Structures are given as C-alpha cells and as structure tokens.
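Notes follow once the structure below has been shown.
These numbers were taken from a predicted model, which means no experiment stands behind them.
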2 protein chains.
Amino acid sequence: MYYLDHFASGTDIGMENGMKTGIERRGWTQNPEAVKQDILSVAISEFASNGLSGARVDTIASRTRTSKRMIYYYFGDKLGLYTRALEAAYLKVREGEAALNLDHLPPEEALTRLVAFTFDHHKKNPDFIRMVMIENIHNAENLAASQVIRDMNMAAIEKLATICRRGEEEGVFRKGLDPVALHWQISAASFFNVSNRPTFSAIFGAGLFGDDAQECIRRQTVESILAIAAKSRVEPKITDRRSGCDVADAGD
Amino acid sequence: MYYLDHFASGTDIGMENGMKTGIERRGWTQNPEAVKQDILSVAISEFASNGLSGARVDTIASRTRTSKRMIYYYFGDKLGLYTRALEAAYLKVREGEAALNLDHLPPEEALTRLVAFTFDHHKKNPDFIRMVMIENIHNAENLAASQVIRDMNMAAIEKLATICRRGEEEGVFRKGLDPVALHWQISAASFFNVSNRPTFSAIFGAGLFGDDAQECIRRQTVESILAIAAKSRVEPKITDRRSGCDVADAGD
DNA sequence: AGCAAAATGATCGAGATAGTACATTTGGCC
DNA sequence: GGCCAAATGTACTATCTCGATCATTTTGCT
C-alpha cells in the first residue's frame, strides 16, 4: 500500500481509498509519517469506541490504509499504540484551545468566553472525551506515564491562572482563587455533558441535549463559574483561609 | 461448593472463604440466591475495575465461591451477567438514597441536603460510578434495555421535582425550574468528582482530592445549585420562555 | 549502479477466553 | 425410600486475538 507525498499534511483524514485529496499526485512513495498518522487517527476512533480491551488491533489495521505489521513496527504493541493515540487526541484538542486568545479582554469577559468555549469544544470532540473516560477506567496509568500530556494541561491552567490574577488585581474576582479548582468546575460540567449523555438520555430522554436545553445548560454553567469567581455579593460570614472558600452552612 | 443457609442476608460481601459470619452454621445446603448474589457482587467489582471487555469471566468465577458453570447457568452469558450486575449496582445505590427523607424540610434546606448527600454518596460508591462510566462507553445499550433502572431513576427525579414544586409555591425558587436540568447539574459535579479523579490527579496532583479541598468543592457545588434554583437576586432583563433560563450575554 | 537501512507485505503460531457437554449431587415431595 | 427437577462439578473445545517470523520492496547515499 502506497501513499501520496505529503499525504500527512492533508486535513481530510477520513477519506476513502483512492479519493482525490487536492494534493497533486506526483508519484507514489513510502511515507512513514502519513502511515503513522493514518494509524493514529484510526486508533483514536477505535479505542474511543470500544475501550482499550475492547478495541481490536486487527480491526484498526483493516480500517487503515496500511497493515497490522506497520502498527507493531511503529508502536510496538497494543498498549504503545493506545498511549500514542491518547497523546494524539490530547494534542489535537489542545491545538484547538491554543487558538483562543483572551488576554485583551476584561477578566469577566475572558472567563465567560473560556467557559463557553470549553463547553462547546468538549461537545465537538466526543472521541477525546471518550479517550479520557477510558483512561479514567484504567486509573490514568498510561496518562501518568506521558509527560507530554501533563505539560499541555499545565499550559491550559496557566491561561486560567492569568485570568484569575488579572481579575483579582482589578478587584472583580475574589482573592485566593484556585485556578485548578476553577478548572475542575469548568471541566465537570463540560465533560459530564458529553461523557454521560448516553445514560442520561436513556433514562431521562434526549430532551436535555436538544439545542434549546443545551443553550440553557451552557448559560447556567457560565453563570455558576462566574459566580464562584466573582466577589461574593453578600459578604461571607466566615472565610476559610486555607482554601479561599466561603464557609456557609452546607448541611450536615 | 456449599453455602450456609441464608448466607445471602450477610452484609459483609467481601469476606474470605471460611470466615465466621455471625450466622449460625446449621448445616450446609444448596443456596441458589446466595450463589447469585455472590456472583453479582464479584461481577460488579470485576466489571467496574476492568470494563465489559476487560473483565474476565474466569477471573470472576475464581473470585466466587462457586464456579464458572454457575455463571452461565444463572446468567446465560457474559453480557447477561454484565446487565444484571449493572442493575444490581443501581439497586444498591438507590437503596441508599431512598433512606433520605427531605419532605419535612424547607425547600432550600432540602435541596442543600440533597446535593450534599449526592456528592458524598457518589464518592462512597466508586464502583457504581465506574459501572455507569462503562455503560456510557457502550452508549448505554444495556441500560436502555433495563426498564428496572429507568424506573428507579424516575423515582429519584420525583424527589427533586417535589422540592422544586414546594420551593416555587413558597416563592423561594424561580418558576419553571426543570428538575431534570437541576439533576443534571447536581450529577455533573458529583459524578465528575469521582469519575475523573484519576486523570485529574495525574495531571494536577492529588491536592483537589484532599479533605479540605473536597469540602470546598462540595460547598461550591451546593451553592451553585442553590443559586440556579433561587430566584435571581438581580431581575433578569429577558427570560427565555421555553426553558425558563435567564438570557444574558454569554459570549460566543 | 549498488549497497545498506528503513519500510512494508504475507503468513503463521501460542495462549487466552467465552462458552459447552456430560456427569453427578442435592432437595422437595409422595 | 425413591423419583425427578433443580443445582453444581469437571473437563473440554472452538475461536478469537495479540504478536512474531520471514521475505520483499523502497530509498537515501556514495
């Protein structure tokens, strides 16, 4: 099986064998990079659909323009392929996030956009969400081994930290905000909205995933996050010095 | 392999072979119910740990006081066992929830307790959470087939609906609150907190899962939910009639 | 052109795994 | 006690699945 030169630079990964790509056919040649990318994109889809144990190397191979031989040649074994696929999925998603530049916006506006963006972005990348779900099932053992992924996420936090700091300085956000905790809140809503859609729909119907209801949920999410970040409208009676959280009666 | 009479009524599922149970040994006998329960509890643990494809029937069998033969005898095949295990996991968790009686409390207090309870309860039942995660990976195909589970969840919503209605009537909650949407918000935080702990910890460290930080997150969650339910302190400029949500600028 | 290393093709094997066949024991009932 | 159906034990197999082996082609380089 052969590849067009620079096939890897094509964006339409899912095309059929023999489809035009818009790239000139200037002879055919070995193309290791394209082979790897081809394998990875198929692997992401397959692992995301069926999980680590559920995915079949043979199935991945057959959906590839290359052979199983190549999978083992480049990735060693199934777990190696999985790990690289996980990294690739992260990379692709973080790329999308990198385009978001919020530095010129006022902090509240920046945070609003960040939350809304994350919500939408997760929704547009279900395979990524599923990869993370699967990784959680496996106790993040493979992710823990990937320095690449940790670095990328720390970068994401930096962005949020910057917003928090600016907000504090301008006096619109409360002091001592923990960017990681805020990220947790943002992720919880955005992630759950995709990850648990199947069971939620099965039980309560698809209503919450229609356009109107999703719009509503997204807005609620944005507002909740902003409320957490904002200086409390009502002065808290006690402030927990350790975590910067308002301490109020929360039952039990 | 033989069973004590009424062994199924014992609460300590995880005990070793031959351990005392507090139940008098009054002879040994066939005990189909105990066998089924034994298999199910092992199955939940195994499926929760390794997923549907990752779980091994032989492993389940070996951790059971009975044999693989019995698994197929009572549950037909692996998928049958999985489905029953899923139901059993739901049942166990909903049982815990049923004990919660909130009808005598004022709506805000009831909602506060419900949220806090859900947060804690999910945390105490990671196997259940993992089963749901796995079911989501499989697009809820098996859950969809289980009427039992749908019924139980509808019951849970009823509880929330009652609180919402009372809150509306007493004028402390906004009108047109959607109990399912509220349930979504509660679940998102409570579920994510358990489901994504491994990846989150791997990336950002375990800090957020220490007692102090968890306390803080739980409180933030409670407050966010209450804020959503409460009548807005600031009158909304526009109200979306379809969903009952405030419409404000939420960015793109 | 010729050579060595990288890349790829075709086929096969070992072990794991779900599920089964057959035999045996137990327990309620007469 | 004897009988039959439910329950359980033992051993086996067909198949699926990962991974390896051996052979061949392509390519960069001199």
- NZ/NE/NH1/NH2 to OD/OE distance under 4.0 Å, A:Arg218 and A:Asp120: yes
- Closest non-hydrogen atom pair between B:Ala189 and A:Ala188, with its separation: CA-CB, 4.3 Å
Within the sub-3.5 Å range, which N or O atoms of nucleotides 12-15 of chain D have a protein N or O partner, and how far apart are they?
none

- Item | Between C:dT20 (C1') and B:Tyr72 (OH): distance, integer Å | 10 Å
- For atom OH of A:Tyr73 and atom C1' of D:dT26, their distance in whole Å: 11 Å
- Give the rounded distance in Å between these two atoms: CZ of A:Arg65 and P of C:dT8. 13 Å
- Determine the interplanar angle of the B:Phe200 and B:Phe204 rings, folded into 0 to 90°, and report it as parallel if under 30°, tilted if 30 to 60°, perpendicular if over 60°. tilted
- Message: Tell me the interatomic distance from A:Glu46, atom CD, to D:dT17, atom P, rounded to whole angstroms.
- Response: 11 Å
- Taking all non-hydrogen atoms of both residues, which atom of B:Lys159 and which atom of B:Glu97 are closest, and how far apart? NZ-O, 3.1 Å
- Task: Measure the distance from CG on A:Asp38 to P on C:dT8 and round it to the nearest whole Å.
- Result: 11 Å
- Message: Restricting to non-hydrogen atoms, name the atom on B:Phe119 and the atom on B:Thr221 that form the minimum distance, rounded to 0.1 Å.
- Response: CE1-OG1, 4.3 Å
- Message: Below the 4.0 Å mark, does C:dT8 have OP1 or OP2 next to a side-chain nitrogen or oxygen of A:Thr66?
- Response: no
- Message: Could you tell me if A:Glu135 and A:Tyr82 have a donor-acceptor pair between their side chains, going purely by distance under 3.5 Å?
- Response: yes
- Query: Separation of A:Glu33 atom CD from C:dA6 atom C1', in whole Å?
  - Reply: 13 Å
- Note on the structure: Applied to residues 190-208 of chain B, the side chain to side chain donor-acceptor pair (under 3.5 Å) test, sequence neighbours excluded, yields A:Asn136-B:Thr199, B:Asn193-B:Gln214
- Task: Please work out if A:Tyr74 contacts a base, only the sugar-phosphate, or nothing of the nucleic acid, heavy-atom cut-off 4.0 Å.
- Result: sugar-phosphate
- Item | Stepwise salt bridge (Lys or Arg N to Asp or Glu O under 4.0 Å) test for B:Lys36 and B:Glu33 | CA-CA 5 Å; B:Lys36 285 189 226 174; B:Glu33 277 315 306; 3.3 Å; yes
- Query: Please give, in whole Å, the distance from C:dT20 P to B:Arg69 CZ?
  - Reply: 10 Å
- Task: Give, ordered by number, those residues of residues 47-62 of chain B having at least one heavy-atom distance below 4.0 Å to an atom of DNA chain D; if nothing qualifies, reply none.
- Result: none
- Nucleotide nearest B:Asp77 (side chain, heavy atoms from C-beta), chosen from C:dG19, D:dC22, D:dG9: C:dG19
- Item | Electrostatic pair B:Arg63-B:Glu46, nearest N-O below 4.0 angstrom | yes
- Query: B:Ser67 side chain: which of D:dG9, C:dT8, D:dA7 is closest?
  - Reply: D:dG9
- For atom CD1 of B:Ile71 and atom C1' of D:dA7, their distance in whole Å: 15 Å
